[in-house]
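Everything on this sheet refers to the single structure shown next.
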Amino acid sequence: MRIIVAGGDGFCGWPTALYLSKQGHDVTIVDNLVRRKYDDELRSNSVTPIATLEERVAKWKEVSGKEIKTFIGDLNHYDFLREVFRQTEPEAFVHFAEQRSAPYSMIDREHAVYTQTNNVVGNLNVLYAIKEFAPECHLIKLGTMGEYGTPNIDIEEGYIEIEHKGRKDTLPYPKQPGSFYHLSKVHDSHNITFACKIWGIRATDLNQGIVYGLHTEETRMDPVLVNRVDYDGVFGTALNRFINQAAIGHDITVYGSGGQTRAFLNIEDTVRCVEIAAENPADKGEFRVFNQFTEWFSVQELAERVHKIAQEEGLQTEVKKIENPRIENEDHYYNAVNTKLRDLGLEPHLLTDDVIRDILRTAVENKDRIIQENVLPSITWK
Ligand code: UPG
């Protein structure tokens with residue numbers, strides 16, 4: 001299948017591009033390399049030393065014999081996107097190319113406006129490009145479990161049957177996101193729903209949980225193929241962040257009471273979920289939603305698990321509750337459905353102690369790269 005991976009230089013996109021290429025798909029990466037620029041802006045870095053995209057794809061060709069084509073440019077520039085579609089004629093468009101940090105979107109007005117413009121307009125351009133140049137192309141869009149927020153009822157997969165004043169309908173599940181970033185994904189979902197309805201586009205929204213880990217079978221094939229991993233207060237996410245904190249003997253930073261519960265999955269499952277979506281395309285005009293996660297945990301629970309493994313590895317670290325920089329429920333109900341990907345064959349890699357230990361050892365190997373001043377959160381919602 002001819003597959004575009006937009007955002008193919010990023011944390012989820014790079015391993016996905018490699019995995020799909022290994023499975024024999026004809027993969028093209030589209031990326032504006034902005035994730036590397038956010039590092040410059042924030043004076044931060046990946047814990048692992050990452051190669052340039054050029055070096056990465058050259059090494060992939062050397063070790064696998066397979067070619068990944070690249071287009072460097074921005075989805076917000078329609079002339080560029082048009083050219084990409086003309087030259088590649090995609091059958092599937094995997095869209096990871098969005099600003100994905102909630103704290104980054106909450107820095108100030110400029111960052112909120114940037115996040116929503118970049119994400120919403122970029123995605124709208126992709127919808128128009130599919131309509132104009134590749135109407136059969138299946139859009140596989142990265143949404144987030146954060147679109148739903150933390151309602152006091154079970155979270156369904158995209159839709160919920162409602163009975164109201166004696167009448168019934170199946171409606172989009174209510175969205176109560178917790179940042180301008182998460183809101184951008186909700187706006188995307190609405191635009192995609194409408195485009196499917198009016199133009200008959202086929203789309204799958206992958207409402208992904210928090211991804212942990214970094215290695216996949218393919219990224220382990222050579223040090224030049226290594227994936228990035230974030231630990232800082234802006235782009236680092238709960239579990240990976242805790243593990244990197246432990247690696248340098250820093251306190252493990254639980255925000256508030258730590259009762260916040262979130263859905264999680266291993267990066268090795270991310271790549272497989274995208275493959276499952278690609279191999280089982282949505283019907284014409286269908287806006288399909290998969291909840292893409294394998295387990296859920298409270299942040300306190302995760303902090304304690306990391307602490308235990310860190311102690312076994314001889315590292316000195318403590319779990320520390322700090323003032324929550326976000327405005328969010330810290331004590332809430334959480335029960336989310338995730339049967340659709342499982343029904344299509346996903347076999348989850350669950351979070352075992354060995355998985356935590358493996359990520360921790362990679363962090364320890366690279367611990368000299370961690371910039372201490374970036375570890376604590378610096379952005380508040382207030
Ligand atoms: N948290 C802590 N301590 C930390 C970092 C986070 O307690 O040091 C808490 C935070 O308050 C929140 C939860 O952990 O309640 C999750 O935060 P985080 O791991 O930063 O995830 P999100 O902000 O939800 O965003 C990530 C990705 C986003 C994706 C989403 C999927 O950045 O792109 O959409 O996970 O759920």
Side-chain angles (χ1 to χ4, degrees), residues 2-14 16-17 20 26-42 50 52-54 56-57 67-101 104-105 107-144 180-181 183-196 198-199 201-203 205-206 228 235 274:
R2 290 184 302 280
I3 305 182
I4 289 178
V5 179
D9 188 45
F11 170 64
C12 289
W14 173 241
T16 301
L20 294 174
D26 178 359
V27 175
T28 299
I29 287 177
V30 179
D31 203 297
N32 64 356
L33 308 181
V34 75
R35 181 64 193 85
R36 295 170 189 257
K37 292 179 196 141
Y38 301 146
D39 277 346
D40 296 341
E41 178 192 349
L42 301 166
I50 51 170
T52 64
L53 181 57
E54 231 179 340
R56 283 174 152 185
V57 295
E67 190 176 349
I68 295 180
K69 291 187 270 324
T70 58
F71 285 83
I72 306 304
D74 196 323
L75 304 184
N76 280 262
H77 300 151
Y78 197 64
D79 289 348
F80 164 76
L81 190 58
R82 179 192 291 127
E83 209 37 50
V84 170
F85 268 75
R86 284 217 177 110
Q87 290 189 30
T88 57
E89 299 178 348
E91 292 161 285
F93 189 103
V94 181
H95 184 7
F96 285 109
E98 296 201 335
Q99 192 299 96
R100 67 107 182 129
S101 157
Y104 188 87
S105 76
I107 293 176
D108 56 15
R109 187 194 65 83
E110 279 81 3
H111 288 80
V113 169
Y114 162 76
T115 299
Q116 294 211 353
T117 311
N118 180 68
N119 293 1
V120 176
V121 175
N123 184 61
L124 194 53
N125 279 342
V126 171
L127 290 168
Y128 266 94
I130 290 175
K131 171 188 182 265
E132 284 190 59
F133 310 113
E136 291 303 319
C137 175
H138 177 205
L139 172 62
I140 300 169
K141 167 68 170 52
L142 262 289
T144 169
F180 287 122
Y181 151 71
L183 274 155
S184 74
K185 295 276 186 181
V186 174
H187 305 329
D188 287 341
S189 298
H190 287 148
N191 284 341
I192 303 169
T193 309
F194 186 64
C196 288
I198 59 171
W199 300 329
I201 284 176
R202 46 179 100 235
D205 207 353
L206 298 176
R228 69 169 300 130
F235 277 90
V274 173

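Note that this is a predicted model, so its numbers are computed, not measured. Computation of the quantities below employed the complete heavy-atom set of this structure, encompassing side-chain atoms and omitting hydrogens, waters and symmetry-equivalent molecules.
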Are any side-chain N or O atoms of [X] and backbone N or O atoms of [Y], one a donor and one an acceptor, separated by less than 3.5 Å?
X	Y	value
Lys185	Leu142	yes
Asp9	Asp31	no
Asn119	Glu98	no
Glu67	Lys69	no

Indicate yes or no: at least one non-hydrogen side-chain atom of [X] is less than 4.5 angstrom from one of [Y].
X	Y	answer
Trp14	Ile50	no
Lys37	Asn32	no
Ile68	Val5	no
Phe85	Glu132	no
Lys141	Val126	no

What is the distance from atom [atom1] of [X] to atom [atom2] of [Y], rounded to the nearest 0.5 Å?
X	Y	atom1	atom2	result
Glu89	Thr28	CD	OG1	11.0 Å
Leu81	Asp74	CG	CG	9.5 Å
Leu75	Ile4	CG	CD1	9.5 Å
Ile192	Leu124	CD1	CG	10.0 Å
Gln87	Phe133	CD	CZ	12.5 Å
Asn118	Ser105	CG	OG	12.0 Å

message: Using side chain to side chain contact (heavy atoms under 4.5 Å, CB included), reason through Leu183 and Gln116 one step at a time and then give a plain yes or no.
response: CA-CA 8 Å; Leu183 274 155; Gln116 294 211 353; 3.7 Å; yes
message: Using the side-chain hydrogen bond (donor to acceptor under 3.5 Å, both in side chains) criterion, which residues pair with Tyr128? Sequence neighbours excluded.
response: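 Expected list: none.
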query: After noting the C-alpha distance and the side-chain angles of Arg35 and Asp39, does the key distance pass the salt bridge (charged side-chain N to carboxylate O under 4.0 Å, His left out) rule?
result: CA-CA 7 Å; Arg35 181 64 193 85; Asp39 277 346; 3.1 Å; yes
To check you understand the geometry: which heavy-atom pair defines the closest contact between [X] and [Y], and what is its length?
X	Y	value
Ile72	Phe80	O-CE1, 3.6 Å
Ala92	Ile140	CB-CD1, 4.3 Å
Tyr78	Asn125	CE1-O, 3.4 Å
Arg82	Asp79	NH1-OD1, 3.0 Å
Ile130	Cys137	CG2-O, 3.8 Å
Ala97	His95	N-ND1, 3.2 Å

- request: List the steps, then state whether side chain to side chain contact (heavy atoms under 4.5 Å, CB included) holds for Phe235 with Arg228.
  value: CA-CA 11 Å; Phe235 277 90; Arg228 69 169 300 130; over 6 Å; no
field: Aromatic Tyr38 / basic Arg100 pairing, under 6.0 angstrom, 45° off normal
entry: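 So Arg100 doesn't make the cation-pi contact.
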- request: Take Arg202 and Glu136 through the test side chain to side chain contact (heavy atoms under 4.5 Å, CB included) and record every step on the way to the result.
  value: CA-CA 7 Å; Arg202 46 179 100 235; Glu136 291 303 319; 2.7 Å; yes
task: Answer yes or no: does atom CD of Glu110 have more than 12 heavy-atom neighbours from other residues, nucleotides or ligands under 6.0 Å?
output: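 Result for CD/Glu110: enclosed.
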Candidate list Phe180, Tyr114, Tyr181, test side-chain contact (heavy atoms from CB on, under 4.5 Å), partner Tyr104, passing option: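 For Tyr104, the side-chain contact (heavy atoms from CB on, under 4.5 Å) check succeeds only for Tyr114.
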query: Taking it one step at a time, do Asp188 and Val120 satisfy side chain to side chain contact (heavy atoms under 4.5 Å, CB included)?
result: CA-CA 6 Å; Asp188 287 341; Val120 176; 3.9 Å; yes
